[in-house]
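See below for the structure under consideration.
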Amino acid sequence: MAEIRTRFAPSPTGYLHLGGLRTALYAYLFAKQRGGRFILRIEDTDQEREVEGAVELIYQSLHKAGLEYDEGPDVGGEYGPYIQSQRKGLYLPYALQLLESGAAYPCFCTREELQQRRDAVTAQGGQFKYDKHCLNIPKEEAKRRMESGEPFVIRQNIPTEGVASFEDLLYGHVETDCAILDDNVLIKADGLPTYNFANVIDDHLMAITHVIRGTEYLSSTPKYNLLYEAFGWQPPVYLHLPVVMKDATRKLSKRHGDPGFEDLLAEGYVRDAILNFIALLGWAPKDDREFFTLDELVEAFDVDGLSKSPSIFNTDKLVWFNAEYIKRMNFEDYLAMVTPWFDKALAGKNIDYRRLAELMHTRTEVFNRVPEMVGFLAELPVYPIDLYTHKKMKTDPALSLRVLKLTLGPVAALADFSEDALKECLMGLAAEHGLKTGQMMWPVRVALSGLPSTPGGATEIAYLIGREETMDRLSVGINMLEQYCSMMKIDLE
RNA sequence: GGCUCCAUGGUCAAGCGGUUAAGACGUCGCCCUCUCAAGGCGAAAUCAGGGGUUCGAUUCCCCUUGGAGCUACCA
């Protein structure tokens with residue numbers, strides 16, 4: 001049996017979006033699982049849409065994703081070149097062959113003429129389809145005009161009756177009446193092929209056995225099969241994948257500001273979490289497993305588990321996956337990854353990153369949320385007095401004021417400013433004055449953080465910000481509470 | 001509009017003629033607890049509608065509805 005060869009064939013029009021990443025992933029898994037090869041081909045036949053630097057971005061993204069291709073523009077291979085614009089001369093002879101057999105014909109209609117006719121038809125509510133106008137030009141005349149340098153395109157000559165069809169691994173038999181199919185342009189006036197032609201020629205020339213791509217090609221694939229037939233070539237096996245949606249009606253798209261793969265990485269999602277999540281978007285394994293490394297996916301992937309309907313990209317679940325991957329990371333790796341994010345909020349401050357990382361490890365969902373979570377360590381936020389009122393902790397401003405005053409002396413006097421010593425000190429004070437743990441800890445934590453919730457409690461925060469800052473913040477709290485109590489005329493026994 | 005495709009909770013989804021219709025995320029509750037997380041336990045929530053076929057339909061067929069893709073000298 002021939003070697004399995006799949007390809008990922010993006011156009012360099014921007015960043016690698018998540019739908020593209022998923023297509024690439026499945027194509028990669030499909031090939032690798034069968035010991036085949038995964039090929040990257042750049043489809044840049046539309047020079048106008050090409051975005052500067054996009055090709056390099058594709059290489060980079062694929063490498064970052066770990067989807068290493070066996071053949072491609074930057075890695076070489078025996079079927080190159082792998083960039084269509086560099087294969088320019090290859091296509092015309094094939095088109096000429098089709099011209100010869102009648103499966104295609106030259107067309108001299110200009111864009112303007114076409115547009116006029118199109119407008120005329122659509123204005124009346126009809127729908128335009130190329131009328132084979134130039135098919136009737138005698139061969140001799142056509143040849144003369146082509147050689148005279150008159151601009152022309154080459155169109156596929158689709159039969160006027162019968163059906164065109166193909167078999168899809170996921171969707172099964174798909175067919176369309178030829179009568180409604182348009183005579184697509186195969187070779188543009190600039191001599192470059194359109195996607196419709198180039199994909200067929202290149203897939204054949206590159207010995208692609210399985211074409212895995214999005215469903216946007218589902219309805220035009222019957223036409224491609226007509227081309228294979230015209231050449232007498234064996235068509236590849238097709239596998240079309242449903243699109244990835246942003247919500248029920250909108251496709252995920254870069255244009256609407258939806259994040260691409262690289263954006264997600266930059267936001268602090270880890271690669272494996274993204275890949276794992278993406279793999280499960282539109283595919284389900286035979287069992288209930290949901291954590292897979294790339295290698296495990298290679299093993300587990302199967303076409304049976306693919307779903308036919310579009311699936312919505314659900315950020316909540318991605319966040320969960322990310323948090324899970326972070327929790328499972330060993331601590332040293334986590335510390336290394338989180339350090340730059342700590343720096344964004346705490347640079348220049350003398351904070352024990354290692355201890356902070358211990359506290360943050362199970363609390364990190366996405367790295368870009370870290371700076372905001374730890375920023376209070378660098379600077380005490382302005383906070384409302386009613387933070388001191390907590391029903392469950394049984395605290396109010398009056399009690400809080402009493403508690404803070406109580407702590408001031410003992411905390412200042414602590415010989416050892418460690419979490420253990422702090423805890424012992426505060427718990428001792430609570431016991432001594434008949435206070436519940438929460439009544440002691442809540443006011444202190446609020447005074448030290450100014451926040452309703454923090455990573456770590458009162459003693460951890462005190463340790464992290466140090467004695468001096470702790471004393472300052474306690475004093476700030478006391479001042480606030482004294483002012484408040486006197487203003488509200490609260491009796492302080 | 002035409003063509004192609006799709007349709008199980010809010011989301012990802014299992015199911016492939018007979019099930020109490022899995023599981024996960026999210027949501028809610030409880031436990032744990034110096035706050036919040038993490039962790040543990042539990043709950044609510046789904047077969048779009050209508051016809052058939054069948055002893056029996058979530059499952060097969062048709063229609064309706066809804067959605068998506070295509071309808072370029074874009075891919």
Side-chain angles (χ1 to χ4, degrees), chain A residues 9-11 13 43-46 48-49 107 109-111 114-115 118 122 125-129 151-155 168 171-172 174-177 180-182 184-190 192-196 198-199 213-222 240 242-243 245 247-251 277 280-290 304-305 307-321 323 327 359-365 373 390 392-393 423 426-427 430 436-446 449 451-461:
Chain A
S11 293
T13 55
E43 309 227 330
D44 61 346
T45 55
D46 184 7
E48 290 184 13
R49 286 210 318 160
C107 169
C109 298
T110 65
R111 279 180 202 254
L114 251 19
Q115 194 55 48
R118 193 188 316 277
T122 46
Q127 76 144 11
F128 181 76
K129 180 177 168 233
F152 68 96
V153 301
I154 294 178
R155 288 182 183 273
D168 188 273
Y171 291 96
V174 177
E175 66 172 41
T176 313
D177 275 330
I180 57 131
L181 258 21
D182 208 350
N184 284 124
V185 168
L186 265 20
I187 299 286
K188 297 181 277 186
D190 64 5
L192 282 173
T194 59
Y195 172 85
N196 299 316
N199 93 86
R213 65 184 17 158
T215 49
E216 57 265 38
Y217 302 110
L218 195 66
S219 51
S220 40
T221 300
H240 289 88
V243 294
M245 309 286 288
D247 55 40
T249 57
R250 281 184 302 165
K251 190 173 159 177
F277 170 70
L280 259 24
L281 243 199
W283 173 75
K286 293 234 181 328
D287 54 20
D288 278 344
R289 187 141 80 109
E290 51 186 354
D304 266 3
S307 91
K308 295 178 181 172
S309 40
S311 37
I312 298 172
F313 183 88
N314 177 220
T315 311
D316 281 344
K317 183 120 189 192
L318 205 214
V319 168
W320 176 79
F321 262 117
K327 273 182 281 187
L359 295 171
M360 289 293 292
H361 199 168
T362 61
R363 284 173 244 248
T364 306
E365 293 186 307
M373 290 172 76
H390 194 288
K392 202 177 152 207
M393 295 297 118
K423 185 170 182 183
L426 295 179
M427 296 295 260
K436 300 178 92 78
T437 308
Q439 291 180 301
M440 184 77 223
M441 297 301 199
W442 179 266
V444 174
R445 196 191 57 78
V446 168
S449 68
L451 296 171
S453 69
T454 48
T459 56
E460 283 99 350
I461 296 169

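Naming: A, B, ... by sequence-line order, numbering from 1 per chain.
As rounded to whole Å, 15 Å separates atom C1' of B:rC74 from atom CD of A:Q115. For A:D316 and B:rG26, the CG to P distance is 7 Å, given to the nearest whole Å. Between the CG atom of A:D182 and the P atom of B:rA72 there is a distance of 7 Å, given to the nearest Å. Computed from coordinates, the A:Q127 CD to B:rC3 P distance equals 9 Å when rounded to whole Å. Rounded to a whole Å, the CZ atom of A:F313 is 17 Å from the P atom of B:rC25.
The nucleotide whose nearest atom lies closest to any side-chain atom of A:P310 is, among B:rC6, B:rG2, B:rC73, B:rC6. Comparing atom distances between the A:E290 side chain and each of B:rA24, B:rC73, B:rC70 picks out B:rA24 as nearest. If you check B:rA68, B:rC12, B:rC74 against the side chain of A:T194, the one that comes closest is B:rC74. Among the nucleotides B:rC73, B:rU4, B:rA75, the one closest to the side chain of A:R118 is B:rC73. When distances run from any side-chain atom of A:N314 to the nucleotides B:rC25, B:rC73, B:rA68, the shortest one goes to B:rC25.
Looking at which nucleotide of RNA chain B each of A:R155 and A:D177 is closest to, the 5′-most match is held by A:D177.
Every side-chain contact (heavy atoms from CB on, under 4.5 Å) that A:K436 has, sequence neighbours left out, goes to A:K394, A:Q439.
Only the P atoms considered, B:rA13 is 15 Å distant from B:rC6, to the nearest whole Å. Between the P atoms of B:rG29 and B:rC36, the separation comes to 13 Å (whole Å).
Within the shown strands, B:rC31 is the pairing partner of B:rG39 under the Watson-Crick or G-U definition, both distances less than 3.5 Å. Remark: B:rC12 base-pairs with B:rG23; criterion is Watson-Crick or G-U wobble with both hydrogen-bond distances under 3.5 Å. Base pairing of B:rU59: no nucleotide in any strand meets the Watson-Crick or G-U wobble criterion (both distances under 3.5 Å). Summarising the base pairing, B:rU4 is matched to B:rA68 through a Watson-Crick or G-U wobble pair whose two defining distances lie under 3.5 Å.
Formation of a donor-acceptor pair under 3.5 Å by the A:T45 side chain with backbone atoms of A:T194 is not found in this model.
Residue contacts for A:D288: at a heavy-atom cut-off of 4.0 Å it reaches a base atom on one of the strands shown.
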Could you run through nucleotides 29-38 of chain B and give me one letter per nucleotide, 5' to 3': B if any protein heavy atom sits under 4.0 Å from the base, S if only the sugar-phosphate is that close, - if neither? ----BBBBBS

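In this structure, A:T215 does not reach the B:rC70 phosphate: none of its side-chain N or O atoms is under 4.0 Å from OP1 or OP2. Side-chain nitrogen and oxygen atoms of A:T45 include at least one within less than 4.0 Å of the OP1 or OP2 phosphate oxygen of B:rA75. Between A:T176 and B:rC3, a side-chain N or O to OP1/OP2 separation shorter than 4.0 Å is absent.
Scanning all heavy atoms of the two residues, the minimum distance from A:L359 to A:R363 falls at O-NE, 2.7 Å.
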